[in-house]
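All residue numbers refer to positions in the sequence shown, counting from 1. Counting convention: from 1, in listed order, for ligands and their atoms alike.
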Amino acid sequence: MKRHLSFITAAAVFSAALTLTGCGGTADETIVQNPDTEYYSQLKDEGITLNFANWGDYISDGTDGYPDVLSEFERLTGITVNCTTFATNEDLYAKMKAGAADYDIIIPSDYMISKMISEDMLEKLDTADIPNIGNTDPKYLNREFDPENEYSVPYFWGVTGIVYNKDLVNEEDFGWDILWNEKYADQILMFDNPRDAFAVAENMLGYSMNTEDPDELQAAADLLTKQKPLVQAYVMDEIFNKMSAGEAALAPYYAGDAIMLMRDYDFLGFKVIDSGANTFLDSMCIPKGAPNKKAAEMFINYLLEPEVAYANSDYVGYSTPNRKAYEMVSDEVKNNGISYFTDDYLETHTETFKALSPDAEKLMSDLWTKIRSGS
Ligand code: N2P
């Protein structure tokens, strides 16, 4: 896991930095067994660099001995991949709106894709250039946020829950309300984005995570305000360092990142909250006017290669919508109670975010600003 720089000496970090290309390492292992070399060499001599905006720790890039999929893509295609990361859908959206980014590929979640489509921020994909789209399990296609899959191709999905320190939390069973338990004052971390934070409060109050009712949004904001004195910090991927260092007891977060943490730290656990979790479907998209659309489609196609989709899922801990990669997933992972669920469970115990109306979104955003600023 990449984030634990505190355990590595500065000299080691410096020498590691020298060996990095793009966002991957220099490993030269073969991942895709029989790549279509004619297809992948189409743009070989064009000196293309793709700008890829991804969530942190969301691709297998050679860390911890896992395969370096980006290096293989670069070798196969002659295309360089330049990675940047974002922490929340809202941050990604703001960067794009500010015109500060020239991304070729982005990975927003469902509700943000819907918002970006409605604001004409995405290119339609040429699926003839993405033959591997057929590897996607049809149940993840044609979702409400992109009904014809014209703009997005599923990358990973997962659920929210609570990462907890088994040495500090002794309740046998708990729900979202443990994040309001005064016993854990100052040992609670909280999502640092409005949609995930409101979803927790909305579920506790028995509302839909997609409510647009101003009174319900206000009640959720009141609950989040009530929680604030107990919260040590509002964070996103900083939970990796804080939870692994034993600095906090509880943190709502995403299943895959929890799996990555639990792989290295036995004292951490993850609980999916039965009263209602969010299920997200993060998908690959090309922003409007992206400089290298054809190369971006080739990159999307590469990420859909079964071996690549499996390697990514194995490293990042998130659930794959790629049916051929899913066949490679071990029974242990399939049955860990965190990564995969029956369709019935997902339907009855989880909700997928929808894009809110502009009014509801503005209200949530204003309320969130007040909560965070304490005004
Ligand atoms: C990766 C978090 C991505 C999942 N660290 C949330 N959509």
Counting heavy atoms only, name the option from Ile59, Thr160, Asp282 that's nearest to atom 7 (N) of ligand 1. Asp282
Where do Thr160 and Thr350 land on the side chain to side chain contact (heavy atoms under 4.5 Å, CB included) test, with the steps shown first? CA-CA 9 Å; Thr160 52; Thr350 74; over 6 Å; no
Subset of ligand 1 atoms that lie under 4.0 Å from at least one heavy atom of Asp257: 1 (C), 2 (C), 5 (N)
Under 3.5 Å, is there a donor-acceptor pair linking the side chains of Tyr103 and Asn54? no
Asn132 and Tyr302: side chain donor to acceptor below 3.5 Å: no
Do ligand 1 and Tyr58 have nitrogen or oxygen atoms that lie under 3.5 Å from each other? no
Check the side chains of Thr320 and Asn322 for a donor-acceptor pair under 3.5 angstrom, ignoring hydrogens and angles. no
Taking distance alone, with N or O pairs closer than 3.5 Å, would you say Gly56 contacts ligand 1? yes
Between Asp237 and ligand 1, which part of the residue brings a heavy atom under 4.0 Å of the ligand: side chain, backbone, both or neither? side chain
Report yes if Trp55 has an N/O atom closer than 3.5 Å to an N/O atom of ligand 1; otherwise report no. no
Quick one: does ligand 1 sit under 4.0 Å from the side chain of Phe156, the backbone, both or neither, non-hydrogen atoms only? neither
Examine Tyr254 together with Phe156 and report whether their ring centres are nearer than 6.0 Å. no
Show which atoms of ligand 1 fall inside a sub-4.0 Å distance from at least one heavy-atom site of Ser109. 7 (N)
Whether Asp104 side chain and Ala290 backbone form a donor-acceptor pair below 3.5 Å: no
